[in-house]
Amino acid sequence: MKVLVVGQGGREHALVWKLATSPLVSDVFCAPGNAGTHEDAVNVDVGPGDFDRLIRFAKHEKIDLTVVGPEAPLVGGLVDAFENEGLRIFGPSAKAAELEGSKAFSKDLMRQANVPTADYRVFDSAKAAVSYVEDRSEQPLVVKADGLAAGKGVSVCANRAEAIAAICRMMINEEFGAAGRRIVVEECLAGQEASILAVVDGKNILTLEASQDHKPAFDDDRGPNTGGMGAYSPAPIVDAAAMDRIIEKILVPTVHTLRKAGRPFRGVLYAGLMMTPQGPRVLEFNVRFGDPEAQPVLMRLKSDLAAVLLAAVDGKLDELPPLEWDPRPAVCVVMASAGYPGPYEKGHPIRGLRAAGELPEVKVFHAGTVRRGDQVVTDGGRVLGVTALGESIADAKLRAYRAVKHIRWDGAWCRKDISDKARQPLA
Ligand code: AMP
Ligand code: GLY
C-alpha cells in the first residue's frame with residue numbers, strides 16, 4: 001500500500017517514520033516534508049494548501065491512503081476534496097474539523113453535549129466583550145480568538161486590565177486577522193494539563209496513551225506560549241480511572257453529538273484537558289495528532305498504525321484487537337531556533353544529527369529542517385524533536401538530553417525540564 005502524509009513538522013516525521021514500519025506499507029511519501037522525512041520517505045514538493053496538486057499526485061501515484069497532519073487543510077476541506085475524487089484519506093471533514101476551526105462552535109457543542117469545560121461567553125463586538133469583563137469581579141480570565149491562530153490565539157489574563165488589552169488586540173487591532181473578529185471569554189481553570197488523542201471512525205473511539213505537552217517557552221512554564229517545547233507519555237496524572245472518566249464524560253458525548261449534528265468525526269480527536277480537583281475539563285479540542293505529543297506517543301505504539309488508520313477510514317475500529325504499547329515511557333525535547341516563538345533566523349547548518357540518532361532508544365524527529373546540498377539546515381522555529389524511550393521517565397529524559405548534547409547549531413536552545421512534572425507529587 002502507498003501512503004501519503006501531508007505536512008512538514010515533527011508530527012509528520014513521526015507519522016512517516018511509524019507508517020514506514022508497517023508490513024502493509026510499501027511506499028511512504030510526504031508533502032512537502034522536511035530533511036527528516038527525506039530519510040524515511042520520499043518528499044513531494046507540494047504544500048498542504050495546494051489541494052489540486054495533492055489530488056493530482058495521489059491519483060498519479062495511486063496512493064491508497066493519505067494522512068493529514070496539520071489542522072489548516074482539514075478545516076479548509078482537504079478531506080472532502082479527496083473524498084469527492086474517490087480517494088481514501090484519514091482525517092475529519094471540514095464540518096467536523098470546525099471543532100478546532102471555531103472555538104465558539106466547539107464551546108457550544110460542549111455545552112450541548114454536557115461536556116465539562118470552563119464557563120464562557122462568545123462575543124462578536126469588542127464593546128460588548130469589554131463591558132462584560134468590566135462588570136465582573138476582578139479575576140483571571142482567558143480570552144481566545146475564535147479561528148485558527150497557529151496556537152497563539154489564547155491569552156491567559158491575570159486580571160481585568162489584561163483581559164481588556166487582549167480583547168483590544170484581537171478585535172480592534174486584528175492581531176489574528178479574521179480569526180479574532182469573534183472571541184470566546186472564559187473562566188480560568190487551574191491544574192495540570194494532559195493531552196488525550198483518540199482515533200475515531202465516526203462512532204467508535206480508540207484512545208491512545210495519554211501525554212503531556214509543555215506549551216510555555218521557558219523552564220518552570222515561564223515565558224510566552226509556543227506550539228509546544230516538549231512532551232512525554234504516558235502522563236501519570238491520567239490514571240486508568242481518569243481515562244475511563246474522560247472517555248465517558250468527554251469523548252463519547254462529543255463524538256455522539258457531532259454525529260447527531262450531521263458532522264460525523266473521523267480522524268484524531270485531541271482533547272486538551274485541565275485535570276482539576278473537580279475532574280477533567282476540556283480546554284480545547286483539536287482535530288489531528290498533537291505536535292509534539294505524536295512523537296513520544298507514536299514511539300511507544302507497537303501496533304501497526306497503518307492498520308489502525310485504515311480501520312478508522314473504513315468505520316471498522318471495533319474490529320481491531322486492542323492496541324499494544326511499549327510500557328517504557330518516552331520523552332521528546334524540542335530544540336528551537338534563537339528567538340522562537342518570536343522572529344528567528346533560518347538556514348543555520350545543524351551538526352551532530354548522526355551521532356545523536358545512533359544512540360540507543362533515540363529517534364531525532366525533524367520539524368523545521370531542510371536539506372541544502374549535503375547539509376541539513378534550520379528552517380523553522382521548532383527545529384527538532386529529540387525523543388527517547390527509557391526504563392523510567394527519568395531514564396527517558398536522561399537519554400533524550402544526552403542526544404540533545406550532540407546536536408549543535410548557532411542559537412539552538414531547549415527547555416531543560418521536559419517531563420519533570422510527571423515526577424512531582426500532584427498538588
Ligand atoms: P488552547 O489553545 O485553547 O489549548 O489554549 C492554549 C493554552 O492556554 C492551554 O494549553 C492552557 O495552558 C491555556 N488555557 C486555555 N484555556 C484555559 C482556561 N480556561 N484556563 C486556564 N488555562 C487555559
Ligand atoms: N501540542 C499542541 C498542539 O498540537 O496543538
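Both ligands and their constituent atoms are indexed starting at 1 by order of listing.
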The closest protein heavy-atom partner of atom 5 (O) of ligand 2 is Arg288 NH2, 2.9 Å

Practice task
Report yes or no: does a heavy atom of Cys188 sit under 4.0 Å from some atom of ligand 1?
Solution key: yes

Counting heavy atoms under 4.0 Å, the part of Leu283 that contacts ligand 1 is both

For Lys103, the ligand 1 atoms with a heavy-atom partner under 4.0 Å come out as 2 (O), 3 (O)

Just by distance, do the side chain of Arg382 and the backbone of Gly227 share a donor-acceptor pair under 3.5 Å? yes

* Test item, Arg281 contacting ligand 1 (heavy atom, 4.0 angstrom) -> no

Under a 4.0 Å N-O cut-off, is there an ion pair linking Asp64 with Lys2? no

Considering both backbone and side-chain atoms of Lys215, is one of its nitrogen or oxygen atoms within less than 3.5 Å of a nitrogen or oxygen in ligand 2? no

Atoms of ligand 1 under 4.0 Å from any heavy atom of Lys215, numbered from 1 in the order shown, are 10 (O)

Strictly under 4.0 Å, does any heavy atom of Ser195 approach an atom of ligand 2?
no

Step by step, would you call His13 with Asn34 a side chain to side chain donor-acceptor pair (under 3.5 Å)? CA-CA 8 Å; His13 188 194; Asn34 57 39; 4.7 Å; no

So for Arg11 against ligand 2, with non-hydrogen atoms under 4.0 Å, the contacting part is neither

the protein heavy atom lying closest to atom 7 (C) of ligand 1 turns out to be Asn225 ND2, 3.9 Å

When distances are taken from atom 12 (O) of ligand 1, the protein heavy atom at minimum range is Glu193 OE2, 2.4 Å

*Using 4.0 Å as the upper bound for N to carboxylate O, is an ion pair formed by Lys95 and Asp80?*
no

One finds that the ligand 2 atoms under 4.0 Å from a non-hydrogen atom of Gly290 are 4 (O)

key: Short N or O distance, Glu284 and ligand 2, threshold 3.5 Å exclusive   = no

Note: Glu187, heavy atoms under 4.0 Å from ligand 1, region reported as backbone

Ligand 2 to Glu293, heavy atom cutoff 4.0 Å, flagged ligand atoms 1 (N), 2 (C), 4 (O)

For Lys144, the ligand 1 atoms with a heavy-atom partner under 4.0 Å come out as 3 (O), 15 (C), 16 (N)

Quiz item: Cation over ring, Arg288 on Tyr270, under 6.0 Å and within 45°?
Solution: yes

Within 4.0 Å of some non-hydrogen atom of Glu186, the atoms of ligand 1 are 16 (N), 17 (C), 18 (C), 19 (N)

Angle between ring planes, Trp17 versus Phe365, binned at 30° and 60°: parallel, tilted or perpendicular? perpendicular

message: Please confirm whether Gly227 approaches ligand 2 to less than 4.0 Å, judged on its heavy atoms.
response: yes

Salt-bridged, Arg415 to Asp221, with N to O below 4.0 Å?
yes

When rounded to the nearest 0.5 Å, the distance separating OH of Tyr344 from OG1 of Thr378 is 9.0 Å

Glu248 and Val252 have their tightest heavy-atom pair at O-CB, 4.2 Å

Of Asp213, Asn286, Val334, Leu197, the one whose closest heavy atom lies nearest atom 2 (C) of ligand 2 is Asp213

- Task: Using the salt bridge (Lys or Arg N to Asp or Glu O under 4.0 Å) rule, take Asp326 and Arg300 through it: C-alpha gap first, then chi angles, then the decisive distance, then the call.
- Result: CA-CA 5 Å; Asp326 192 322; Arg300 296 186 55 231; 5.8 Å; no

the protein heavy atom lying closest to atom 13 (C) of ligand 1 turns out to be Val156 CG2, 3.8 Å

Checking heavy-atom distances from atom 6 (C) of ligand 1 to each of Leu141, Val142, Val154, Asn286, the winner is Val154

Numbered in order shown, the ligand 1 atoms found under 4.0 Å of a heavy atom of Glu284 are 1 (P), 2 (O), 3 (O), 4 (O)

In terms of side-chain geometry, is the basic nitrogen of Lys103 or Glu284 positioned less than 4.0 Å from the acidic oxygen of its partner? yes

Query raised in the report: Under 3.5 Å, N or O to N or O, is Leu189 touching ligand 1 that way?
Result: yes

Do you see a donor-acceptor pair shorter than 3.5 Å between the side chains of Gln112 and Thr257?
-> no

Smallest heavy-atom separation, Ile350 atom then Trp409 atom, equals CG2-CE3, 3.8 Å

Partner of Leu141 under side-chain contact (heavy atoms from CB on, under 4.5 Å), picked from Glu186, Glu187, Arg136, is Arg136

